[in-house]
Amino acid sequence: MSGERKSPNIIITGTPGVGKTTHCESLAQRLGLRHISVNEVVKDKECHEGWDEELTCWIVDEDKLLDAIEDDVEQGGCILDWHACDVFPQRWIDLVVVLRVDSTTLYDRLKARNYPEVKLQENLDSEIMEVLLQEAHDSYDSEIVIELTSNTSDEMESNIDRIEAWVKQWKLDNQEV
Ligand code: ADP
Ligand code: MG
């Protein structure tokens with residue numbers, strides 16, 4: 001349900017390194033959507049209960065996070081960039097894009113980011129086991145979840161074109177009559 005929104009809200013999710021931020025930046029530029037980097041919100045607005053040394057990530061306070069982004073998201077036209085997607089209320093979200101990459105590509109990208117071997121392997125396993133795809137299907141209506149591959153810049157261009165076409169159609173379908 002999109003309510004009063006004039007522009008849709010989209011989640012771009014997937015394992016670290018699949019290309020979420022790159023896609024979001026391009027979509028924000030091309031379509032004028034607001035790029036919300038959820039990791040940055042968690043950090044900057046302190047929506048967490050500290051740093052988990054073992055998992056090397058913030059222990060997210062989900063209520064604080066939702067409060068921090070609520071006003072923006074309720075206006076619509078937001079593109080949420082995060083490696084998790086199960087915290088946002090279904091009524092906020094119009095499309096969930098799960099980006100996927102081949103293992104060798106992901107390995108190279110995470111290696112280039114100097115991920116420690118254990119962390120790298122965990123993320124590769126997560127990608128192979130389709131953890132984020134499953135999480136998206138468990139959290140949202142399957143008809144709003146799409147899976148797109150992001151191994152090459154050509155694939156990325158075609159993803160952006162597809163999402164742009166989808167946004168235009170959404171706006172036509174949700175125009176006030
Ligand atoms: P994420 O936000 O999912 O962790 P990034 O957008 O930071 O991923 O991308 C990780 C790395 O992979 C970056 O160096 C980026 O330039 C590269 N990259 C992302 N998507 C593609 C793609 N479709 N083709 C080639 N390189 C890509
Ligand atoms: Mg990112």
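Whatever order the structure lists them in is the order used to number ligands and atoms, beginning at 1. Both backbone and side-chain heavy atoms feed into the values below; hydrogens, waters and symmetry mates do not.
Protein heavy atoms are found less than 4.0 angstrom from atom 4 (O) of ligand 1. For atom 13 (C) of ligand 1, no protein non-hydrogen atom is found at a distance below 4.0 Å.
Residue Gln29 qualifies as open at atom CD: its count of foreign heavy atoms under 6.0 Å is 12 or below.
Every N/O-N/O distance between Pro16 and ligand 1 stays at or above 3.5 Å. For Arg113, a nitrogen or oxygen atom sits less than 3.5 Å from a nitrogen or oxygen atom of ligand 1, counting backbone and side chain alike. The shortest N or O to N or O distance between Lys20 and ligand 1 is under 3.5 Å. Taking distance alone, with nitrogen or oxygen atoms compared against 3.5 Å, Gly19 approaches ligand 1 more closely than that limit.
Thr22 OG1, 3.6 Å is the protein heavy atom nearest to atom 9 (O) of ligand 1. The protein atom (non-hydrogen) at minimum distance from atom 24 (N) of ligand 1 is Thr152 C, 3.1 Å.
Side chain of Glu127 to backbone of Ser103: no donor-acceptor contact under 3.5 angstrom is found. No donor-acceptor distance shorter than 3.5 angstrom exists from the side chain of Asp52 to the backbone of Trp58, with no hydrogens or angles considered.
Taken from NE2 in His23 to CG in Asn159, the straight-line distance is 4.0 Å, to the nearest 0.5 Å. Atom NE2 of His35 and atom CD1 of Ile12 lie 9.0 Å apart (nearest 0.5 Å).
Listing protein N, O or S atoms at distances below 2.8 Å from the Mg ion (ligand 2), with waters left out, gives Thr21 OG1.
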### Residues Asp161, Arg30; criterion salt bridge (Lys or Arg N to Asp or Glu O under 4.0 Å); working and verdict
CA-CA 10 Å; Asp161 288 346; Arg30 281 254 293 261; 2.7 Å; yes
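In this structure, Arg34 and Asp72 approach most closely via the heavy-atom pair NH1-OD1, 2.9 Å.
In this view, Lys111 and Tyr107, Glu117, Leu120 satisfy the side chain to side chain contact (heavy atoms under 4.5 Å, CB included) rule, not counting sequence neighbours.
Between Glu74 and the choices Arg91, Lys6, Arg5, the salt bridge (Lys or Arg N to Asp or Glu O under 4.0 Å) rule is met once, by Arg91.
Distances from ligand 1 to the non-hydrogen atoms of Arg109 include at least one value under 4.0 Å. Heavy-atom distances between Asn151 and ligand 1 reach below 4.0 Å in at least one pair.
Remark: the Asp81 side chain and the Thr21 side chain contain an N/O donor-acceptor pair separated by less than 3.5 Å.
Heavy-atom proximity to Ser153, at under 4.0 Å, picks out these atoms of ligand 1: 24 (N).
Heavy atoms from both the backbone and the side chain of Val18 come within less than 4.0 Å of ligand 1.
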